[in-house]
Amino acid sequence: MSRVFNFSAGPAMLPVEVLEQASAEMVDWHGTGMSVMEMSHRGKEFTSIAEKAEADLKEILTIPDNYKSLFLQGGASSQFAMVPMNLLRGRDTADYINTGSWSKKAIAEAGRFCNVNIAATAEANNFTTIPPRQQWSLNPEAAYVHYTPNETIGGVEFHGIPDVGDVPLVADMSSTILSRPVDISRFGVIYAGAQKNIGPAGLTIVIVRDDLTGETIPGTPTMFNYEIHAKAGSMYNTPPTYSWYIAGLVFEWIKKKGGINVIAGINKRKSGKLYAFIDNSGFYSNPVAPDCRSWMNIPFILARPELDGKFLELAKDAGLVNLKGHRSVGGMRASIYNAMPEEGVDALIAFMADFEKKYA
Ligand SMILES: *Cc1c(COP(=O)(O)O)cnc(C)c1O
């Protein structure tokens, strides 16, 4: 078996222990004589898998009892519409914070349903900073405030939760969920596509406070209604069973590692050493303001962009893949989610140092 260090932004690396367990259980799960993929989602076997995963997620993130965790499909992109459909609740305006590419997509979709107030934007700084909370112009009439705690493309991350008073706070946590502890009670809704830090693509997790479900805008499709999914235990229709199962194995893996605080410590250390290396080099640079640099996605550029192709080619030869930056940004990006071992980051730094020595 030969595994590479995969720096893809998503779908991203999964812990090898999880893949090995899934592989061992692939054709015969726990003596049932069938694969998890072949089980009825309503049978007792899959029900046990689903309930265990949900309970483990609740434990890992200390999710309070007045929140439901939904295991849905449609990606974070569907949530861009589901959030306004479920949270407007008679109001016609919502606040959005614009910190980059994913914020913009959420804003564009919300604009189909309500008046979007851009309460703050980092556009003037080319999304390399986070607008300080004191400068936000929140609308007291807003149904909710939406922000993107980690901008996967720009590599900008909030390192604290903004205070928005009693207005429900909504967060697209696709690329930061499970990377550090978070006070769930500060949020109305948290959502995340699974393919970065949870499991395989096809699963979307939504954590929603109970009192925010039950009133949707007219014409909301059944499948876009949080309350329908909450009441049905995410089994209104066939859920993404295999992705749910793998997510459950990832949750067990996090618990075995020592839980979310241990994971957060590792993530801080991994990202810290890569930023330190980049900052100390005269050849590589990261444009993001130091106080809002992402622990998960680290974009960097080479002083000589004509060497980008060579860098990627030699990195691949060294077993370091998917380092090409997003097409909208260029340069490189190292996504180092929970499943990226620290040795992967060490190997990247060693490669970058060597490349700089030889070609800079
Ligand atoms: C990847 C990503 C998305 C898109 O997720 P899909 O599951 O592909 O819809 C949205 N927001 C953020 C922050 C992301 O990182």
Side-chain angles (χ1 to χ4, degrees), residues 6-14 69-85 94 96-112 116 121-122 127-128 130 144-159 161-162 169-180 182 187 189-208 223-224 229 234 239-240 242-244 246-247 250 267 271 288 292-299 322 324-329 333-340:
N6 179 2
F7 295 89
S8 169
M13 263 184 111
L14 284 165
S69 303
L70 309 179
F71 290 69
L72 309 180
Q73 306 189 47
S77 301
S78 292
Q79 296 308 312
F80 296 163
M82 276 176 89
V83 165
M85 285 175 145
Y96 277 72
I97 311 304
N98 184 6
T99 50
S101 305
W102 289 113
S103 299
K104 283 190 199 169
K105 289 215 164 165
I107 288 165
E109 190 71 0
R112 299 160 61 96
V116 174
T121 174
F127 300 113
T128 54
I130 284 173
Y144 60 89
V145 180
H146 179 283
Y147 81 117
T148 311
N150 185 66
E151 284 282 358
T152 322
I153 294 174
V156 171
E157 184 164 14
F158 286 73
H159 292 289
I161 303 171
L169 182 61
V170 178
D172 173 1
M173 291 208 183
S174 293
S175 52
T176 180
I177 194 166
L178 297 176
S179 68
R180 60 171 81 196
V182 52
F187 294 87
V189 174
I190 288 168
Y191 62 89
Q195 67 274 20
K196 278 93 186 223
N197 231 355
I198 299 172
L203 170 69
T204 309
I205 289 186
V206 178
I207 302 169
V208 55
M223 284 292 290
F224 273 45
H229 291 296
S234 306
Y242 199 76
S243 296
W244 191 331
I246 299 285
V250 171
N267 286 329
S271 56
V288 179
C292 55
R293 286 173 165 179
S294 170
W295 286 6
M296 296 282 101
N297 311 95
I298 304 183
N322 286 324
K324 195 172 171 30
H326 191 269
R327 59 190 181 280
S328 65
V329 178
R333 172 176 50 170
S335 294
I336 51 172
Y337 300 113
N338 291 350
M340 171 61 67

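It should be emphasised that the depicted structure is a prediction, and the values quoted were computed from it without experimental measurement. Both ligands and their constituent atoms are indexed starting at 1 by order of listing. In what follows, every heavy atom counts, from backbone to side chain, and hydrogens, waters and symmetry copies are set aside.
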Here the atoms of ligand 1 under 4.0 Å from any heavy atom belonging to Thr152 are 12 (C), 13 (C), 14 (C), 15 (O)

Would you call Glu151 and Lys104 a salt bridge, using N to O less than 4.0 angstrom?
no

For atom 10 (C) of ligand 1, what's the nearest protein heavy-atom neighbour? Residue, atom name and distance, please.
Trp102 CE3, 3.3 Å

Is Lys105 touching ligand 1 with its side chain, its backbone, both, or neither, if touching means heavy atoms under 4.0 Å apart?
neither

At less than 4.0 angstrom from any non-hydrogen atom of Lys196, what atoms of ligand 1 do you find?
1 (C), 2 (C), 3 (C), 14 (C), 15 (O)

Return the minimal non-hydrogen interatomic distance between Ser8 and Ser335, and the atom names on each side.
O-CB, 3.4 Å

Distance only, no hydrogens: is a donor on one side chain within 3.5 Å (strictly under) of an acceptor on the other, for Arg180 and His159?
yes

With a 3.5 Å cut-off and no angle check, do the side chains of Ser179 and Asn267 form a donor-acceptor pair?
no

In terms of atom number and element, which parts of ligand 1 are under 4.0 angstrom from non-hydrogen atoms of Gln195?
5 (O), 6 (P), 7 (O), 8 (O)

Under 3.5 Å, is there a donor-acceptor pair linking the side chains of Asn297 and Tyr337?
yes

Ser175 neighbourhood, listing ligand 1 atoms whose heavy-atom distance to it stays under 4.0 Å:
15 (O)

Out of curiosity, is Glu151 lining ligand 1, as in a heavy atom under 4.0 Å away?
no

Looking at Thr148, Thr176, Thr152, which hits side chain to side chain donor-acceptor pair (under 3.5 Å) with Glu157?
Thr176

Backbone or side-chain N or O of Ala76 under 3.5 Å from ligand 1 N or O
yes

For atom 9 (O) of ligand 1, what is the nearest protein heavy atom, given as residue, atom name and distance?
Ser77 OG, 2.6 Å

